[in-house]
Amino acid sequence: MDAKRDQPLRGVKRLVVKIGSSLIASRDHGLNHALLEALAQEMADLKRRGYEIVIVSSGAILSGLEKLGIKTRPKSLPVKQAAAAVGQSRLIWAYEKAFEAHGLKVAQVLLTQDDLADRKRFLNSRNTLTTLLGLDVIPVINENDTVVVEEIRFVDNDNLAGLVTHLIDAQLLVILSDVEGLFTDDPRRHPEAVLIPVVTKINAETERLAKDTATPEGIGGMRSKVLAARTVAGYGVPTVVAGGRRAGVLSKILKGNSIGTLFLPEGGKRNSRKQWIAFTSRTKGRLWLDAGAVEALATKGKSLLPSGIVRVEGRFEAGDAVSCMDPRGREAAKGLVNYSSDDLAKIRGAKTGEIAGILGHKDYDEAIHRDNLVIL
Ligand code: GLU
């Protein structure tokens, strides 16, 4: 056991296991049933030991392509979506069979980014997932590939798995893939590269190490895993990226064995609503702030007042999420606005006492209340 690794994993009860496309499927051979069965066996053992597991599984598109006999990588989104529709039923059926062998039930859950960006649907999905866990069912989540269009895609399932970790308040994210973790260089091209066992803080250097190592079949590559780990670290939750073909990989990780790369969480867990604002909500516009307002938000924990807003960009309603930009064009904060873009455009720069006179009403002093504001 490795003390540095054991500590952050202590007390984990609920975990998200992300299973990558290149691990369990290929265009030529479809799903790798033997591997799926081995992973199901492992997860069944964990469940018996009291762990709650939610799976995020890729593999629908590759499985569909194999079934359809499409030998080349499709470029067009509709072909990928059609393949996903064919492959998703095969994928879930494979999980169904693999877990049935251990007397366990699975549920198919297909999500789009829109579902999680909308607070009501986010809460609804959370209720469904926790109800499934309460019923002792293992949810198997994938992106609803057939309905998504480019703008509302999760981009990749690593990102989806990160958001699901927050959605169900899991204490650990495990990303199983065909790479063993984060290396000091791309191990496929540099055999001398060594595995980094623990990443304490994800910074520009970590992201550089993870420069895109996506294989032709893998969607995300290491970069998307590191980005997901960064998001999850911000929730105060650790991530382990590890090779999914190792026997007993999950139990070894949970025991604190040195397998794959462990990304440590950041301190100071935000509450769930703020997490959602920071990572999941989709912004509808931007408020450009003056330096004084940025300072008041960032260092004094203040709400954003209309007087600190210099410019309003985009169209949004009260309650929508917006980005707050500092004078140098960096996103300083995100929050839910109390006023629409039309109203804010009228009262930007105005003092609190002037709002009612300008709008004919004043519902709030703040443009964004600090309870609905997250500093980035
Ligand atoms: N949803 C895609 C599939 O099931 C995979 C996307 C990804 O792995 O990032 O094939």
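Counting starts at 1 for both ligands and their atoms, in listed order.
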Is there a salt bridge (charged side-chain N to carboxylate O under 4.0 Å, His left out) between Arg90 and Glu66 once you walk through the steps? CA-CA 11 Å; Arg90 296 165 69 76; Glu66 186 254 350; 3.7 Å; yes

Applying side chain to side chain donor-acceptor pair (under 3.5 Å), run through Gln88 and Asp145 and close with a yes or a no. CA-CA 9 Å; Gln88 180 61 31; Asp145 288 310; over 6 Å; no

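Against a heavy-atom cut-off of under 4.0 Å, Ser21 is close to the following atoms of ligand 1: 8 (O). Remark: ligand 1 atoms within the under-4.0 Å shell around heavy atoms of Asp145 are 1 (N), 2 (C), 3 (C), 4 (O). If you number the atoms of ligand 1 from 1 as listed, the ones under 4.0 Å from a heavy atom of Asp156 come out as 9 (O). Listed by atom number, the atoms of ligand 1 under 4.0 Å from Ser58 heavy atoms are 4 (O), 5 (C), 7 (C), 8 (O).
Ring centroids of Phe122 and His166 are separated by less than 6.0 Å, placing the two rings close together.
Contacts with ligand 1 closer than 4.0 Å are made by side-chain heavy atoms of Asn142 only, the backbone lying farther away. When non-hydrogen atoms are compared, ligand 1 lies under 4.0 Å from the backbone of Ala60 as well as from its side chain.
The shortest N or O to N or O distance between Glu143 and ligand 1 is not under 3.5 Å. Residue contacts with ligand 1: Gly59 is placed with a nitrogen or oxygen under 3.5 Å of a nitrogen or oxygen of the ligand (distance criterion only).
Remark: Glu100 pairs with Lys97 by the side-chain contact (heavy atoms from CB on, under 4.5 Å) rule, at least two apart or across chains.
Remark: side-chain polar atoms of Glu266 are not paired, donor with acceptor, to backbone N or O of Ala233 under 3.5 angstrom.
When Asp158, Ile61, Leu23 are ranked by how near their heavy atoms come to atom 10 (O) of ligand 1, first place goes to Ile61.
Heavy-atom contacts from other residues, nucleotides or ligands closer than 6.0 Å to CZ of Arg121 number more than 12.
Among residue pairs with one or both ends in residues 345-375, none qualify as ring-ring contact (aromatic ring centres under 6.0 Å, His included); sequence neighbours excluded.
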